[in-house]
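Keep in mind that what you see is a predicted model, and the values were worked out from it rather than measured. Throughout, protein chains are lettered first and strands after them, A, B, ... in sequence-line order, and every chain is numbered starting at 1.
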Number of protein chains: 2
Amino acid sequence: MSETTAPCASDLLEVIPLIFRTIRAEMRQRRGADLSIPQFRSLIFLSRQPRASLNELAGYLGLTAPTTCKLVDDLVARQLVTRAPSTLDRRKIELEITPRGVDLLAAARQGTLEQLSSLLEPLSAEEKTHISRSLALLRQIFAHESQK
Amino acid sequence: MSETTAPCASDLLEVIPLIFRTIRAEMRQRRGADLSIPQFRSLIFLSRQPRASLNELAGYLGLTAPTTCKLVDDLVARQLVTRAPSTLDRRKIELEITPRGVDLLAAARQGTLEQLSSLLEPLSAEEKTHISRSLALLRQIFAHESQK
DNA sequence: TATTGTTATACTCTATAACTATA
DNA sequence: TATAGTTATAGAGTATAACAATA
């Protein structure tokens with residue numbers, strides 16, 4: 001193994017959770033007080049995965065089908081998601097995020113981006129492009145991995 | 001604002017959660033089936049913060065004192081943590097991770113490091129030092145931020 | 001007969017309120 | 001009188017089991 005690998009892995013394990021805590025705190029703060037974290041994560045998933053089924057959503061959330069079913073009940077009641085029987089297999093449902101759900105997500109994302117930007121601002125342009133290039137490398141590696 | 005800031009923030013918001021999901025999945029898998037996430041996080045906190053009080057731990061976990069108290073009951077019963085009244089202020093308690101708790105944490109951390117290393121291995125030495133340097137910059141920025 | 005989603009019920013986790021001991 | 005921690009009670013969130021509808 002290359003002698004640069006272990007230190008790099010150690011850096012990742014130390015720094016990534018640090019940054020993630022800030023991002024999560026910021027997102028949660030802006031998600032709207034009356035939406036639970038799994039509900040918020042559902043919107044994120046459905047914004048990337050149109051017409052997902054209940055079981056697909058449950059799999060992403062790491063929750064059981066009954067729990068997810070009730071969670072979706074609430075999202076539908078709030079008009080953040082629509083639920084319709086699939087035309088191909090009428091046992092299945094098709095979940096879809098509504099424009100209102102998209103707006104909610106966009107607002108949270110925008111607020112978080114502004115917070116991150118203010119933190120990055122003090123860095124030089126070189127340092128920021130350096131970081132972006134590193135993140136591009138890491139994205140390639142972890143894009144497939146996190147599907148598992 | 002520098003024109004490199006917004007793209008860099010956007011990269012962070014996309015890539016950090018991606019990496020974090022892999023790290024968390026790996027840590028959880030290795031934490032031992034019968035230990036809850038807050039309990040596991042307690043061990044992490046106490047490994048860095050010897051003789052912490054109940055309220056300090058509760059603050060870190062984002063839980064209330066009663067909830068944390070019961071959680072600690074269980075950690076003590078499993079002999080992963082000790083709880084003793086403080087000698088300076090006998091209202092307070094001093095929490096301490098046991099050698100057994102340290103071992104559990106070390107094993108989880110080691111397994112995760114190996115997993116991360118295997119993912120990073122394909123990168124060149126230059127790319128890995130590049131990433132480490134970027135992470136050092138980010139660590140400075142987010143070290144203080146995540147205390148809040 | 002198997003699969004998708006839902007409903008019924010029970011349990012775990014967490015919080016608020018009340019209490020004890022120490023400062 | 002205020003503070004640190006604990007105990008008692010109640011509420012949210014989640015799971016397992018049983019069920020209905022479709023394949």
Nearest-nucleotide pick for [X], side chain only, options being [options]:
{"X": "A:Ser53", "options": "D:dT14, C:dG5, C:dT14", "answer": "C:dG5"}
{"X": "A:Leu54", "options": "D:dG5, D:dA23, C:dT6", "answer": "C:dT6"}
{"X": "B:Arg91", "options": "C:dA2, D:dA2, D:dG5", "answer": "D:dA2"}

I'd like to know if the side chain of [X] pairs up with that of [Y] as donor and acceptor (distance under 3.5 Å, no hydrogens or angles considered).
{"X": "A:Thr129", "Y": "A:Ser132", "answer": "no"}
{"X": "B:Thr98", "Y": "B:Gln79", "answer": "no"}
{"X": "B:Thr112", "Y": "B:Glu26", "answer": "no"}

Give a yes/no on whether any side-chain N or O of [X] is located under 4.0 angstrom from OP1 or OP2 of [N].
{"X": "B:Asn55", "N": "D:dG5", "value": "yes"}
{"X": "A:Thr64", "N": "D:dA15", "value": "yes"}
{"X": "B:Arg83", "N": "D:dT6", "value": "yes"}

Between [N] atom [atom2] and [X] atom [atom1], what is the distance in whole Å?
{"X": "B:Leu61", "N": "C:dC13", "atom1": "CG", "atom2": "P", "value": "14 Å"}
{"X": "B:Leu88", "N": "D:dT3", "atom1": "CG", "atom2": "P", "value": "19 Å"}
{"X": "A:Asp89", "N": "D:dA23", "atom1": "CG", "atom2": "P", "value": "5 Å"}
{"X": "A:Leu35", "N": "D:dA12", "atom1": "CG", "atom2": "P", "value": "16 Å"}
{"X": "A:Ile93", "N": "C:dT3", "atom1": "CD1", "atom2": "P", "value": "18 Å"}
{"X": "A:Glu56", "N": "C:dT4", "atom1": "CD", "atom2": "C1'", "value": "12 Å"}
{"X": "A:Arg41", "N": "D:dG13", "atom1": "CZ", "atom2": "C1'", "value": "15 Å"}
{"X": "A:Ile37", "N": "D:dT14", "atom1": "CD1", "atom2": "P", "value": "10 Å"}

Nearest heavy-atom contact between B:Thr5 and A:Ser117 is CG2-O, 3.4 Å
Report, as yes or no, whether the 6.0 Å neighbourhood of atom CZ on A:Arg51 holds more than 12 heavy atoms from other residues, nucleotides or ligands.
no
In numerical order, the residues of residues 65-81 of chain B whose heavy atoms come under 4.0 Å of DNA chain D are B:Ala65, B:Pro66, B:Cys69
Double-helix bend of the helix from C:dT1-D:dA23 to C:dA23-D:dT1, axes at both ends from 5 pairs, round to 10°, gives 0°
Applied to residues 73-85 of chain B, the salt bridge (charged side-chain N to carboxylate O under 4.0 Å, His left out) test, sequence neighbours excluded, yields B:Asp34-B:Arg78, B:Asp73-B:Arg83, B:Asp74-B:Arg78
Any N or O donor-acceptor pair linking the side chain of A:Arg90 to the base of D:dT22 at under 3.5 Å?
no
**Request:** Under the side-chain contact (heavy atoms from CB on, under 4.5 Å) rule, what do B:Asp11 and A:Ile131 come out as? Steps first, then yes or no, please.
**Result:** CA-CA 9 Å; B:Asp11 291 337; A:Ile131 289 170; over 6 Å; no
